[in-house]
Amino acid sequence: MAKTTTIHVRRVYDEPTGDDGTRVLVDRVWPRGMAKDRAHLDEWCKQVAPSTELRTWYAHDPERFEEFARRYRDELRDPERAEALAHLRELAENRPLTLLTSTRRPEISQAAVLADVLSA
């Protein structure tokens, strides 16, 4: 019987919930105005974040999300990012995994792309 992986995508500014499991920040830059103790993180995996160039180009423009997702998936093949992705996959094996981002629209963020990749 195949094990189902539970992966949540949430804003780091939101309060933790009981079903979060392991909470991992997947942004390259620390969230503005967020104290480290208030973030309730288990890890900060900035190695899996998109490149600065890709983030700058994307600028969270909803019309660019599909192309951003395609380019980001390509970046995830980079050895350092691939290793970080494998680590996230391991974290998701035994308990829920919550990917945290500071973006206002997590549904069009790198965390959403990562959740899709990890769920596949």
Identify whether Ile108 and Leu100 are in the same connected component of the hydrophobic contact network (ILVMFWY, side-chain heavy atoms under 4.5 Å). no

What's the verdict on side chain to side chain contact (heavy atoms under 4.5 Å, CB included) for Ser51 and Glu75, showing C-alpha distance, side-chain angles and the deciding distance? CA-CA 8 Å; Ser51 67; Glu75 285 192 351; 2.6 Å; yes

Note: Leu99 and Ala115 closest approach over all heavy atoms is CD1-N, 3.7 Å

Please report the C-alpha distance between Glu107 and Phe65 in whole Å, then the side-chain angles of each, then the deciding distance to 0.1 Å, and finally whether the side chain to side chain contact (heavy atoms under 4.5 Å, CB included) criterion is met. CA-CA 10 Å; Glu107 69 277 5; Phe65 180 69; over 6 Å; no

Quickly, which of Val24, Leu97, Thr101, Val26 forms a side chain to side chain contact (heavy atoms under 4.5 Å, CB included) with Leu114? Name it, please. Val26

How far apart are the closest heavy atoms of Arg73 and Val113, and which atoms are they? CG-CG1, 4.1 Å

Can you check side chain to side chain contact (heavy atoms under 4.5 Å, CB included) on Gln110 and Phe68, steps first, answer last? CA-CA 9 Å; Gln110 77 275 6; Phe68 165 77; 4.0 Å; yes

Heavy-atom closest contact (Pro31 atom, Ser102 atom, distance): CB-CB, 3.8 Å

Enter the distance from Glu90:CD to Leu85:CG here, rounded to the nearest 0.5 Å. 10.5 Å

Would you say Leu25 and Leu76 are hydrophobically clustered, going by side-chain heavy atoms of ILVMFWY under 4.5 Å? no

Just checking, Lys36 and Trp44: is the charged tip under 6.0 Å from the six-membered ring centre and within 45° of the axis? no

Do the side chains of Leu41 and Tyr13 join up, straight or via other hydrophobic residues, at under 4.5 Å, putting them in one cluster? yes

Transitively linked via ILVMFWY side-chain contacts under 4.5 Å: Val117 with Tyr58? yes

d(Arg23 CZ, Arg10 CZ) to nearest 0.5 Å is 8.0 Å

Spacing of CD1 belonging to Ile7 relative to CG belonging to Leu88, to within rounding of 0.5 Å: 8.5 Å

The reported gap from CG in Leu91 to CZ in Arg89 (rounded to nearest 0.5 angstrom) is 11.5 Å

Partner set under side chain to side chain contact (heavy atoms under 4.5 Å, CB included) for Gln47, not counting sequence neighbours: Cys45, Glu80, Ala84

So for atom CD, which belongs to Glu43, do other residues, nucleotides or ligands contribute more than 12 heavy atoms lying within a distance under 6.0 Å? yes

Please round to the nearest 0.5 Å and tell me the distance separating atom CZ of Arg11 and atom OG1 of Thr98. 15.0 Å

Check whether any side-chain N or O of His8 sits under 3.5 Å from a backbone N or O of Asp19 as a donor-acceptor pair, and report yes or no. yes

Determine whether Val12 and Trp30 fall in the same hydrophobic cluster, where Ile, Leu, Val, Met, Phe, Trp and Tyr are linked whenever their side-chain heavy atoms lie under 4.5 Å apart. yes

Locate the shortest heavy-atom distance separating Pro50 from Leu54; write the atom from each residue and the value. CB-CD2, 4.0 Å

If every non-hydrogen atom of Val9 is compared with every non-hydrogen atom of Ser109, which pair is closest and at what distance? CG1-OG, 4.5 Å

Mind checking the CZ-OH spacing from Arg55 to Tyr72? Nearest 0.5 Å is all I need. 11.0 Å

With no hydrogens and no angle check, is any side-chain donor or acceptor of Arg64 less than 3.5 Å from a backbone partner on Ala59? no

In terms of side-chain heavy atoms, does Asp116 have a donor or acceptor partner in Ser119 at a distance below 3.5 Å? no

